[in-house]
4 protein chains.
Amino acid sequence: MQEEKPPRREREKLRQRQEMLAVALNLFSEKGYHNVSMHEVAERAEFAIGTLYKFFRNKEDLYKALIMEMAAEYHNALSSVLSRQGDILTILNDYISAKMGIFDGNLATLRLYFAETRGASFNIKAGLDKDIRKLYDKLVRQLALTLKKGIRENVLRKKDPYYMAVALEGITNAFLFYGLEDPDRHSYEANVSLIRDMFFKGVLAK
Amino acid sequence: MQEEKPPRREREKLRQRQEMLAVALNLFSEKGYHNVSMHEVAERAEFAIGTLYKFFRNKEDLYKALIMEMAAEYHNALSSVLSRQGDILTILNDYISAKMGIFDGNLATLRLYFAETRGASFNIKAGLDKDIRKLYDKLVRQLALTLKKGIRENVLRKKDPYYMAVALEGITNAFLFYGLEDPDRHSYEANVSLIRDMFFKGVLAK
Amino acid sequence: MQEEKPPRREREKLRQRQEMLAVALNLFSEKGYHNVSMHEVAERAEFAIGTLYKFFRNKEDLYKALIMEMAAEYHNALSSVLSRQGDILTILNDYISAKMGIFDGNLATLRLYFAETRGASFNIKAGLDKDIRKLYDKLVRQLALTLKKGIRENVLRKKDPYYMAVALEGITNAFLFYGLEDPDRHSYEANVSLIRDMFFKGVLAK
Amino acid sequence: MQEEKPPRREREKLRQRQEMLAVALNLFSEKGYHNVSMHEVAERAEFAIGTLYKFFRNKEDLYKALIMEMAAEYHNALSSVLSRQGDILTILNDYISAKMGIFDGNLATLRLYFAETRGASFNIKAGLDKDIRKLYDKLVRQLALTLKKGIRENVLRKKDPYYMAVALEGITNAFLFYGLEDPDRHSYEANVSLIRDMFFKGVLAK
DNA sequence: CATGAATGAGGGTTCATTCAT
DNA sequence: AATGAATGAACCCTCATTCAT
């Protein structure tokens, strides 16, 4: 009665793939792409090097898969927040909370993510970053749409919503980044509330 | 009357060094540290490989010199703006203009600078980034001091000045970054005015 | 019935290692450590350079393995002669024969061995020679113990046995060395008998 | 009144050459031929690298000059002892004393000399050692002639004088070598008397 | 089908030597 | 005549990738 062999096999394969990706995430995040060898990944994941190459055509492929799956998960989560119906300010508040929350306690992901979206992917290979930048830009544009709705509803000031989105991304990233550098500086909730306050009201007195 | 031989030699040496650094800046920024070989740098700079090594003890040394000199120049410029006497808002406006202006038309520098300060230096070598992070943090703290003065003078709201500084850095970096990605999206002056507006007044209507 | 796969693999590996060491021995002995490149060793052994590095961590490691295994074999052989029970003079005669015999028709080994024990290892790397010197000194001391027994039994004159050992080593080495320089000067047996005669009776008439 | 310019110039040149050779001797002896660079020699001797090359065509030339001048001095000294008229045993005693005395307190020379004559010159360059070996062999042959005379005069036993010479060289070298390894083991005079005793009378009791 | 031994291109670095000043 | 900046061949070593078992 081994009627369901394929699914089991399938599941097993997936599990192995996840294991490899998890190991790669930690190693890349810790030491950087070029300071991690394929042998190291294989060894830490307890697979033979050949097996690793069965799953990923080459090192770049492994890296790309890692980044893209990570990014997809992240963007889906945030995108779903932005797709909610209801009060604009609630949505934006939720967006900020969600973004800050995702990386909370997830340093490895955060580090790699920044490396890719904030400027250093060229350290790895030209062109590898095109796809993820596109994904990221899609999210920013979706955020801009939400902001635009806020403007139409007179909740937000009449400013270019795309640049508003860029500004919000900038502030949240900056706080994430400082949390990364100095993990115990502030609690995640405190940061969330600071970001909201600053983004919505600005810094000017009165 | 060739009494000043040393200075000429000295100047010549400096010129060569600058030439090497310029080539390295472009290559590193274009292809990433690990995808540029010392031979490539030497060849593009039209020196023999041995000559390159006369100026920089090794590849890391070359990279570090490049980053640190770039950062020092940048930080000195901004630091001097923050040190000016006078109206807080003027100083902050000048700071934003200066920061945006420095990288205007200086993509290679900007890319490398971001790679180092915004997360990807671990792709190169652990420890290489300590110094520049320190430099950067010093600047943020100086910015925070200026903001603090603004708070005392009741020009700015009573918020933690360090986090205000972080937010300002986040917004400016985000705009720099988007300019980097898509160079013709907006003029530098437009960006400057957008940043000021958003940072000072926030996005909320009324 | 191929139940014993590991041993076959093991044997194969050992054979390869021996092959590499043999090639290295000949090359180092012929041209000297610094005039032999790892590529040359790999090529002559008909392996890829990477394979060579799988067996020896680096050039020094290869050299050290070569010297130490050579020395261990040599010292074990001589040590076992000295450990025999029985007549002192027989033991000493056997020692001389064994020492002369070992290097007979083994020029490459002899050359390297002398290079290491007789003064030139500093040409390679400080510290590499500590271990082998220790090994050699152990043998000299063991020889001294045998001589001491000969003194106690009144077979040998009452002289410091360590210096007697040094003298015997000196004479045998000198003959080995001259055989090395000029291989056809004398047969190995003739040298053995000359050494015995000279060492035991001295050169003075009457 | 500068009538004697050439001689002064000449003398000055010679002094510089000696200085370079002295520095080279110390460096080569300390670190080995291949671990000393021409720049290092030039720097320690406080000359420009170009000047060093004015005196010695290349590194090998420097090394060869060093070895040959050292050897010539050494061999002249010993040769003159062997050329003396008089009692054979006195001459041999003087020879042993002279040989041991030459290297006493002259470790650097001793080390290099052994490296060259006792087996390791091939570490440097094939062919470099031919000349010095010839020189050395000449000395051994001269020693053999002296011993032959001793045999004819019935002072020494009727053995092949060349091999007697080889044996004496072996013993003296061994003692020199042990003194080198462990400088405070024995005084030079004690060694000289041990060598004489052992070489002349052998080790057999009665 | 998984394995891991074998490959070799390519990279960082050194240093003997030259030659314009 | 002395200098030392410049050269580039050659070396040691790593690691992504392949393929026979």
Side-chain angles (χ1 to χ4, degrees), chain A residues 9 12-13 16 33-43 46-63, chain B residues 2 5 8-9 12-13 16 33-43 45-63, chain C residues 2 5 8-9 12-13 16 33-43 45-63, chain D residues 9 12-13 16 33-43 46-63:
Chain A
R9 269 274 220 265
E12 175 62 10
K13 281 224 159 203
Q16 291 184 352
Y33 182 79
H34 282 286
N35 299 313
V36 174
S37 73
M38 289 299 267
H39 269 100
E40 203 173 349
V41 175
E43 196 168 10
E46 298 186 283
F47 290 102
I49 182 76
T51 310
L52 182 56
Y53 272 88
K54 282 277 186 299
F55 283 82
F56 305 96
R57 227 173 42 270
N58 51 43
K59 191 179 178 184
E60 211 174 307
D61 200 47
L62 165 62
Y63 184 74
Chain B
Q2 22 95 242
K5 213 165 47 183
R8 220 240 351 244
R9 267 276 212 273
E12 175 63 10
K13 277 219 154 203
Q16 292 184 353
Y33 182 79
H34 282 287
N35 299 312
V36 173
S37 75
M38 289 298 268
H39 272 99
E40 203 173 349
V41 174
E43 197 166 9
E46 299 187 283
F47 290 102
I49 182 73
T51 308
L52 182 55
Y53 274 89
K54 280 278 188 304
F55 284 80
F56 305 96
R57 236 185 19 274
N58 51 40
K59 192 180 177 183
E60 211 174 310
D61 200 47
L62 166 62
Y63 184 74
Chain C
Q2 23 92 243
K5 214 164 45 185
R8 220 238 353 241
R9 267 276 214 273
E12 175 63 8
K13 278 219 155 203
Q16 291 184 355
Y33 182 80
H34 283 286
N35 298 313
V36 174
S37 76
M38 287 300 265
H39 269 100
E40 202 173 349
V41 175
E43 197 167 9
E46 298 186 282
F47 290 102
I49 182 76
T51 309
L52 181 55
Y53 274 91
K54 282 276 188 303
F55 284 80
F56 305 96
R57 238 186 16 275
N58 51 43
K59 192 180 177 184
E60 210 174 309
D61 200 47
L62 166 61
Y63 184 74
Chain D
R9 268 275 217 268
E12 175 62 11
K13 282 225 159 202
Q16 291 184 351
Y33 182 79
H34 282 285
N35 299 314
V36 173
S37 75
M38 289 298 268
H39 269 100
E40 203 173 349
V41 175
E43 197 166 8
E46 299 186 284
F47 290 102
I49 183 74
T51 309
L52 182 56
Y53 272 88
K54 282 277 185 300
F55 283 82
F56 305 97
R57 227 173 43 269
N58 52 40
K59 192 178 177 185
E60 212 174 307
D61 201 48
L62 165 63
Y63 184 74

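Note on naming: letters A, B, ... go to the chains in the order of the sequence lines (proteins, then strands), and numbering restarts at 1 for each one.
Each of A:Glu46 and C:Glu46 was assigned the nucleotide of DNA chain E with the nearest heavy atom; the assignment lying further toward the 5' end belongs to A:Glu46.
Considering every non-hydrogen atom in both B:Asp61 and B:Arg57, the closest pair reads OD2-N, 3.1 Å. Here the shortest heavy-atom pairing between B:Met38 and B:Leu62 reads SD-CD2, 4.0 Å. Between C:Ile49 and C:Ala42, the closest heavy-atom pair is CA-CB, 3.9 Å.
Going from atom CG of D:Leu52 over to atom P of F:dG4 covers 13 Å, rounded to whole Å. The distance from atom CZ of B:Phe47 to atom P of F:dT7 is 7 Å, rounded to the nearest whole Å. In this structure, the CZ atom of A:Phe55 is 10 Å from the P atom of E:dT3, given to the nearest Å. The distance between atom CD of C:Glu12 and atom P of E:dA5, rounded to the nearest whole Å, is 12 Å.
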TODO: Could you encode protein contacts along nucleotides 12-21 of chain F as a string, one character per nucleotide from 5' to 3', using B for base contact, S for sugar-phosphate-only contact and - for no contact, with a heavy-atom cut-off of under 4.0 Å?
DONE: SBB-SBB---

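At least one side-chain heavy atom of C:Asn35 sits less than 4.5 Å from a side-chain heavy atom of D:His34.
Classification of the B:Phe47-B:Phe55 ring pair by plane angle, with boundaries at 30° and 60°, yields tilted.
Between C:Gln16 and the phosphate of E:dA5, there is no side-chain N or O to OP1/OP2 separation shorter than 4.0 Å.
For DNA chain F, if you chain together Watson-Crick or G-U pairs that step i with j, i+1 with j-1 and so on, the runs of at least three with distances under 3.5 Å are E:2-21 with F:2-21.
Within 6.0 Å of CD in D:Glu12 there are more than 12 heavy atoms belonging to other residues, nucleotides or ligands.
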